[in-house]
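Small disclaimer: the values here were computed from a predicted structure and weren't measured.
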Amino acid sequence: MGIDRYVRVPAKRGAKAVEIAVEPAGEDRFVVTVDGRRFELDAHAHASGVAMRHEGRSLDARVVWEGSDAVVTLPNGASKFEMLDARTYALKSATGAAGGSAKPVLNSPMAGKIILVKVAEGDTVKEGQTLVIIEAMKMENELRCLAAGKVVKVAVAAGDIVKPGDKLLELAYDAQD
Amino acid sequence: MGIDRYVRVPAKRGAKAVEIAVEPAGEDRFVVTVDGRRFELDAHAHASGVAMRHEGRSLDARVVWEGSDAVVTLPNGASKFEMLDARTYALKSATGAAGGSAKPVLNSPMAGKIILVKVAEGDTVKEGQTLVIIEAMKMENELRCLAAGKVVKVAVAAGDIVKPGDKLLELAYDAQD
Amino acid sequence: MFKKVLIANRGEIAIRVMRTLKEMGIATVAVYSEADRRALHVRYADEAYCVGPAPSRESYLRMDKILEVAKLTGAEAIHPGYGFLSENAEFAQACADAGVVFIGPPPSAIEAMGEKTAARRRMIAAGVPVVPGTEHPIPTAAQALVFAEAIGFPVLIKAAAGGGGKGMRRVDEASRFEEAFDGAQREARSAFGNEACYVEKFVVEPKHVEIQVLCDEHGNGVSLFERDCSVQRRHQKVIEESPCAVLSEEIRRKMGEVAVQGAKAVGYVGAGTFEFLLDRDKNFYFLEMNTRLQVEHPVTEAVVGVDLVEEQLHIAAGLPLRFTQEQLSQRGHAIEVRIYAEDPANQFLPSPGLIRRMVVPQGPGVRNDSGYDSGTEVSLHYDPMVAKFIVTGETREKARLRLLRALDEYQVDGIANNIEFLKACLVEPDFVSGSYDTGVVNPILERFKAVKPLEGEDEALALAAAALSLHLRRAQSAAPAASGGETDRDGWRDFGRARQVSRLST
Amino acid sequence: MFKKVLIANRGEIAIRVMRTLKEMGIATVAVYSEADRRALHVRYADEAYCVGPAPSRESYLRMDKILEVAKLTGAEAIHPGYGFLSENAEFAQACADAGVVFIGPPPSAIEAMGEKTAARRRMIAAGVPVVPGTEHPIPTAAQALVFAEAIGFPVLIKAAAGGGGKGMRRVDEASRFEEAFDGAQREARSAFGNEACYVEKFVVEPKHVEIQVLCDEHGNGVSLFERDCSVQRRHQKVIEESPCAVLSEEIRRKMGEVAVQGAKAVGYVGAGTFEFLLDRDKNFYFLEMNTRLQVEHPVTEAVVGVDLVEEQLHIAAGLPLRFTQEQLSQRGHAIEVRIYAEDPANQFLPSPGLIRRMVVPQGPGVRNDSGYDSGTEVSLHYDPMVAKFIVTGETREKARLRLLRALDEYQVDGIANNIEFLKACLVEPDFVSGSYDTGVVNPILERFKAVKPLEGEDEALALAAAALSLHLRRAQSAAPAASGGETDRDGWRDFGRARQVSRLST
């Protein structure tokens, strides 16, 4: 059947690495160990995720994959995990992308049209100040500044069409850490 | 993109072979020729089949694949087609499976338990006569004879568990063709 | 109110009950057989426990196991759904003995109504009109035949412990009687573990009309009016509606009064249904009482505006009814169809298997209760009902047209189903007029072709669709994986690989 | 009745209208933009024609093209839905000139109510109470500020041609007025091609309560009672319900009478809505009339038991109303939520994109109207509403709890959406009590976290689920293709191939 007898699945929860082992234990039965914590589970995959039973508790986990990230929803909330293989993990560690400090680049959170850029390079900006107005679906959306600082670079102009993730501005936040 | 510029799709409608050509003609546009009849279509595949527009008419064709058979449902009805490749077609022609005369084998139409076999080898049977009683989902289902003839072989006995397609009886129908 | 309730059932009814429980903030405990490990009702519950192997007798009918789960989980009450243990007085008693509330009538009421001939006698005593028939089960076919000849054919053979048409046989002539009686006994034994059968007069061209009642522990009882369940195939209800198109306000009131009176006569508590035959002259005869929730309860919910499961819970918790007869009324019209995994092209034989795709109608006035979804399996071990589907409209005709619209949207692919057959029933003139009787399905069965084949341009366009489906899947399969689309491919890769793009040489 | 009707709209409302048309046996003609080639409303129609490129102005607002399609197909009437051309008097006139019935009021009534300040004047003359404000659009921010200071802050800046909150700004202090006015004008110009704005008094802590009316060509008019639409975020309705929890029978009757009176004053024909502000003392002020079907019309349909689209068709065909005011009543309670493709974790910015999986709640008392399904795309060109979802219950509390149950079942995966935000609104104490006003959303916005992260054992179990999902997909991918399962694999093969089964070296 090609099912591995014992599978290790590295994952990340925020910046912290977790080790998960999945051991098949019969039809639709598994022993899953998460950071040393052992769970005996009935489980099967379905279109929307994984249905599990743990000590009688029925947990229908919705799992949405975004690339190698899994967003798992249970009745009490939802968490996103990065599911890694060893190679990818090593790569990410090298570039140090795990940092987590607020990025000094304002990327477009959506697809739309730039209506107005309210700041210029060199401007000093306050927290909450409107930086850019972007229109999508006939609504204007104001992108505001998250902390005080300075505008280093403006990458777009009114009339530009942007995709999600496109760089709009570069900022230098005032010293805080 | 790997999309063929011009694709021939042999198919069968009942016992008759049909030749279909699919020619992409722009985004979501195709020219499809069915036995020489030319259709200019807007079309795209979706989860349940193929949505088409033909001369303004919107045709949301449900397509269910059963192996290489396609069952296509349109508002006015549904038809099943065997979609072939040249190799398979040649093979089928050789074995002469296309015949179509009533098969002298009674296969189980369902999964279930044989309750009663009401005939024995050598019995003469009339049209409509009950041959086998099979139980599934707590209901008894009587399998009746479609034409007069003789029982050649009985392949099951009361208490047997059968799957769909399992042979139950062999019959010899009285001369008719 | 209870904090946790166990549902001793499976499929759509388990989920339907759990939906109301969740709305009431009550935790749910499911039980399941090994065959149902992947069933939706297990996923829907807060807790779930396996109670045995696939056969019902070893799982869903295991009272001991189910009560054990109730104890273990601290469930204060058990909802039995329909079928299985729902009309089992012994189970109701076992629940009481174990200190768990059985959400249904007291054991004595189940007993009084459960054995059909005893029920007839009780109802006759209570002044409820009944169909002529034997008052006790008859042990042998020969003895039964004597009685049948006495009341005159046609007669109906019925399982004393029966329900849902199982073990039921109509016999029109003496020569066919004994074989039918033996078959009915055999089926009854297999389905209920009790082969007792009885015989009654078959009322010709009747309507099957039933009255929904609710009774509380405090002596209150109300009728929630009628359902017309005359569209039956092999005594299995297929389409149900409320109101009944031919019922006058006066007969409706009378039937309701008689039903409440009958229920009170046996000390009934909870939701229950009085089934009647209604003849051409609007005489009605008691058939039997179902001492549980019915499959067709949603048409009453739609028209009367109540949640019958919630009312069951309130009654079981000892609360008085929340409305009087005067506060209840019917508004609009509702029709329910039962979608079965069965093959109309093949004598309606059950067709268990994997549902590859299920698409449920949406928009105004529709309700779907199902125990299945795309990718789930209809097991051969249990009832072949995939879903009950209900529409509501201002008028009967509006509801009927809405149902036709909706069934056009309904898809259950991968297994044979009766959707096309249901549509054929809905356009049958007798159904359209509302004056149909329980024989309405017979002429439809004769005419009905499960699939009307396409012709002319439609057939050519269907071939084009099949070819495009093949072509577009090939194209998708050839497209770079980087596109990242996680849309449904229906296993296309496997199929695509085996195919050749080449010319047919004829 | 018409034999064929063109629907000049897209998305859920086009499909909702077509569903009723199909139930009435009327053929349907869809129009679509190039961006909507694959949209569901194109698939649902009997015929469909492309009317131009993605931008509305070049497609859905092209009166000439749409009328050309009507001519070509022989459609006898056009249903405009909401938005787009639905409140465009010029289009209604063009339809009349082309001999096609516009399913809506006469051009004169649209004109009378369309320009908000003119409508105010008409309503004042008709005896309808209004909120104090300017009676004409004001050209410049400076002039508007003078007026705003005269009536006193807070004030509301509104687009004269507006609707749906576009171009609307609340201003609490003079210093922020001019910037807001300029922004409103800019947005109005972009959305409606008309920058005219006016200013009115902002009623503090009001409810937004509207009255649904139906008027026929024969001088009859009825009120179908109220909807409470006070749950708004940035003046966009999010949750609507009927009845309004705080309305007395007397105020309800008064509001209905005033609305019918106002409609008659402008010769209104068809379905329309009078929007009122209801203050703490139950004084109500006319805000504006929507001369079309509203997004929230289903809560009225549920509670009153009518199909408003069918009534629109009857009226447009010149038939008299099918009921009198006395025959109409409210039963039960209905709540609608609007499911938007927007990201609550990111200032509710629109999040267009591919819906990878959409699962719609089922069971009793739910209705879903959507223009999308699994595998379809929410375009950035149009409104980000994915679906309107409606529940019905015997009481307001039952409906609210049912909605919470149902939203737990609702899945829209692949794009950000507001479902969790809707749940947060439904448990807000002010919403629970029913006494909320239009400010109810503000405290929720402050507290709301789109995703509550899992903790402790739940987090560990979620990690187990993710690992199992990975593992089971790998196993399925490795299984022999002969198993023939055509179940959904969500593109797992691509992903599986890139992964390594190996140990993490930390």
* To do: Taking salt bridge (Lys or Arg N to Asp or Glu O under 4.0 Å) as the test, write out the residues that go with Asp373(D), two or more places apart.
  => none
* Which heavy atom in Arg357(D) sits nearest to a heavy atom in Ala47(A), and how many Å separate them? -> NE-O, 3.1 Å
* Do Arg186(D) and Ile133(A) touch side chain to side chain, with heavy atoms closer than 4.5 Å? -> yes
* What part of Ala61(A) lies closer than 4.5 angstrom to a heavy atom of chain D: side chain, backbone, both or neither? -> side chain
* Structure fact -> Closest non-hydrogen atoms of Ala465(D) and Val72(A), given as atom of the first, atom of the second and distance, are CB-CG1, 4.2 Å
* Asked: With a 4.5 Å heavy-atom cut-off, do Asn76(A) and Glu455(D) have their side chains touching?
  -> no
* Asked: Closest approach of Gly112(A) and Leu380(D), non-hydrogen atoms and distance?
  -> CA-CD1, 4.5 Å
* **Minimum-distance pair of heavy atoms, taken over all atoms of Gly456(D) and Arg37(A)** => C-NH1, 4.3 Å
* Asked: Are Pro24(A) and His471(D) side-chain neighbours, meaning at least one heavy-atom pair lies under 4.5 Å?
  -> yes
* To do: Rounded to the nearest 0.5 Å, what's the gap from CG on Leu472(D) to CG on Asp28(A)? Could you check?
  => 8.5 Å
* What closest approach, in Å, do Trp65(A) and Ser469(D) show between heavy atoms, and which atom pair accounts for it? -> NE1-OG, 2.9 Å
* Structure fact -> Interface check, chain D: of Gly49(A), Ala70(A), Ala51(A), Ser79(A), most non-hydrogen pairs under 4.5 Å belong to Ser79(A)
* **Heavy-atom closest contact (Met52(A) atom, Leu461(D) atom, distance)** => CE-O, 3.5 Å
* Which distance, rounded to the nearest 0.5 Å, do you find between the CG of Leu463(D) and the CE of Met83(A)? -> 6.5 Å
* Structure fact -> CD (Glu459(D)) and CG (Leu74(A)) are apart, to the nearest 0.5 Å, by 10.5 Å
N/O donor to acceptor pairs below 3.5 angstrom from side-chain atoms of residues 116-125 of chain A, sequence neighbours left out:
unit_1: Lys118(A); atom_1: NZ; unit_2: Glu179(D); atom_2: OE2; d: 3.0
unit_1: Glu121(A); atom_1: OE2; unit_2: Val154(A); atom_2: N; d: 3.0
unit_1: Asp123(A); atom_1: OD2; unit_2: Ala120(A); atom_2: N; d: 2.9

* Asked: Just wondering, do Arg57(A) and Glu457(D) contact through their side chains at under 4.5 Å, heavy atoms?
  -> yes
* Select one option (side chain, backbone, both, neither) describing which atoms of Val32(A) are under 4.5 Å from chain D's heavy atoms. => side chain
* Asked: In Å and rounded to the nearest 0.5 Å, what is the OG1 to NZ distance from Thr73(A) to Lys452(D)?
  -> 12.5 Å
* Does Ala45(A) offer a backbone N or O that forms a donor-acceptor pair with the side chain of Arg473(D) under 3.5 Å? -> no
* Lys113(A), NZ: over 12 other non-hydrogen atoms inside 6.0 angstrom -> no
* Using a cut-off of under 4.5 Å for heavy-atom pairs, which of Asp408(D), Leu468(D), Asn346(D), Val359(D) has the most such pairs with chain A? -> Leu468(D)
* Structure fact -> Turns out that what part of Gln411(D) lies under 4.5 Å from chain A's heavy atoms comes down to both
* Taking atom CZ of Arg189(D) as the centre, does the number of heavy atoms from other residues, nucleotides or ligands within less than 6.0 Å exceed 12? -> yes
